[in-house]
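Below is one structure, written out as structure tokens, with a few remarks after it.
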Amino acid sequence: MLLEVRDLHVEFHTRDGVAKAVNGVNYSVAEGETLAVLGESGSGKSVTAQAIMGILDMPPGKIRGGEIFFRDRDLLKLKPEERRRIRGQEMAMIFQDALSSLNPVLSVGQQLGEMFVVHRGMSRGDAKVKAIELMDRVRIPAARQRVGDFPHQFSGGMRQRIMIAMAMALEPSLIIADEPTTALDVTVQAQVMDLLAELQRELNMGLILITHDLGVVADVADRIAVMYAGRIVETSPVHEIYKAPAHPYTKGLLRSIPRLDQKGQELYAVKGLPPNLLHIPPGCAFHPRCPMAQAVCRTDVPPLYTVDEERRSACHFWKETLDER
Amino acid sequence: MSENVTLPEQQGSSDGVRERRELLSVEGMAMHFPIYGGFPFKRQVGAVKAVDGIDLSVYEGESLGLVGESGCGKSTTGRMMTRLLEPTGGKITYRGQDITHAGRRQLAPIRSEIQMIFQDPYSSLNPRQTVGTIIKSPMEVNGVNPSGGRENRVRELLELVGLNPEHYNRFPHEFSGGQRQRIGVARALALQPKLIVADEPVSALDVSIQAQVVNLLQKVQREMGIAFVFIAHDLAIVRHFSERVAVMYLGKVVEVADRDSLYNRPRHPYTHALLSAVPEADVDSASKERIRLEGDVPSPVNPPSGCRFRTRCWKAQDKCATDEPPLVQISGNREGHLTACHFPEDPTTEKTGADIVLDPALAQLEKTADTE
């Protein structure tokens, strides 16, 4: 296993109380595998990623427990210098908003080259050559001429390519992409996802793809982990989850997508609102919104039941959920 | 049908059951935002041609979808339809009345009939006003006095949009994004409008909340017979919501048709590409034919000559660079299906009617949808 997150707990101390953002997340990514982490805002998907990268704001954030194993080292026990060496070289992150993640006063060439100067000790000149190579690789037209351009001179899709180039620069073994295409238009979104998938295959990297869009992941992911209120509620290989979800939340999300055969009719909607992280409902956090909830759901937190070899569902009634179609 | 062209008529769907009256129509509507520059004296050096001559009609009680990528001018179009912006060219007619350059006083009675719902439920509600005040203020501004009082009406509206009438005195920050969007809907309904322009009303919301708001809008549209202009970039939601859809590219309408015709048989290459780029939440559509557009949308300051899509189009020929294709009903299209393209995608045989789908991926989807 390339990366293994075990029972991770993260809290945020706010004025109004303690927000439990991540409550015991377990997942793992193998080399060359794409794991999609799916969830709504506030489900803890980005916080988990930040904890893995070691870029969580602490305070107000606090890791209350758990382990993050990366190549058999517990990242949470490493010294800051050791983590810094891993970050960028062995794991890298791509953010949603490329414009605000790039430095507006440095040319993209400088920013790309900096990776080589800092981590590889290259000279500025060599780094520039490398930067051009990278820009070519992510298919930015006329890379040689544009290497001195500033981020604002590029379009949204191009900026996201530059972010990808930056993440790929040192050929890390793990990339975390946090909503990489959410800010982009559909036609550009398709280009960027293709590029990401292609480079991932080429370098045989592990990829964690964080998203709220069920459509984006269907093509590229190998496995999906669905998060709700800081927990994983279902993990499964991609095919199975779309065909027969084993958790009512996943099912609700899939059903609420407008389908071709029911245009004009009322859409299925998951009732209610996502939970307030300051007051997560007792028992199963999804029970106030769940059509299948029973008394047991209000009191007992469901463990991750084993559905089959590769599938897990945190629902007391996963069998019923699977059967009822 | 003479060669390729018939008259550009926009009489919509072919069912002919409903007599459809035009509510709002725009002809050659354009919005050029000036760019100033130069030293020491600023003067206009160019213009962002956000919308560059579009013709569209909205019929009473219908839902028209407006789709396109960011920067194609769909929001600007919406804002001109509500006359929040004054067009720099063309003509807007609302129920037979020219309102293109109408002044404040002339617009006053029309304002209450055309309302808008905004994308961002966080910045479109005044944080210092209570929900009651927010929903009440359109009535106050327009001097509307519903029987039973304004306050009573607000409570009715809150209930209608699925909020608790007791929340009358709460402030926007006490609500979640989806609930705020409901407040925005209630405000738009306060004056019993005839047309609502909804600019990306659900794209800022979480997936599980989007469906709730779409259902609410649909209920409002159906039950109150309000015409909607639904602006969105999410093609699946537009398909769900709108009976007729217009596709925009770089300030132009490139294709307009009723829902089935457009989604099943797109004739404009851009529409086709846009549809095929949409990721489907379905792993079975692996056979899906994907058209990958290269590059980005060109700058609206200096749009390409002729057909604006030609720089990214795989079918472009010399003619596309010189002649701008008119938006017309090309042969093989159903009635009301207008396309602006010199070399449209293959029409499917009309014989078997609606069964034939151009995109094999869509065909595949339709099939799986039917079997369920």
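Numbers restart at 1 for each chain; the letters A, B, ... are given by sequence-line order, proteins then strands.
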Of A:Gly156, A:Ser155, A:Gly252, the largest count of non-hydrogen pairs under 4.5 angstrom with chain B goes to A:Ser155
Side-chain donor/acceptor of B:Asp206 to backbone N/O of A:Ser41, under 3.5 Å: yes
Q: Verify the distance criterion only: is there a donor paired with an acceptor across the side chains of B:Ser208 and A:Glu40 at less than 3.5 Å?
A: yes
Under 4.5 Å to a heavy atom of chain A? For B:Gln179 that would be side chain
Between B:Gln212 (side chain) and A:Gly272 (backbone), is there a donor-acceptor pair under 3.5 Å? yes
From the list A:Val217, A:Asp213, A:Asp194, A:Ile241, the residue making the most non-hydrogen contacts under 4.5 Å with chain B is A:Asp194
The interface call for A:Asn276 against chain B, heavy-atom contacts under 4.5 Å, is neither
With sequence neighbours left out, the residues meeting ring pair (Phe, Tyr, Trp, His ring centres under 6.0 Å) with B:Phe175 are B:His167
Note: B:Ile209 and A:Arg289 closest approach over all heavy atoms is CD1-NH2, 4.1 Å
Contacts of A:Glu198 meeting salt bridge (charged side-chain N to carboxylate O under 4.0 Å, His left out) (sequence neighbours excluded), chain-then-number -> A:Arg139
Rounding to 0.5 Å, atoms CD (A:Gln189) and CD (B:Glu69) come to a distance of 10.5 Å
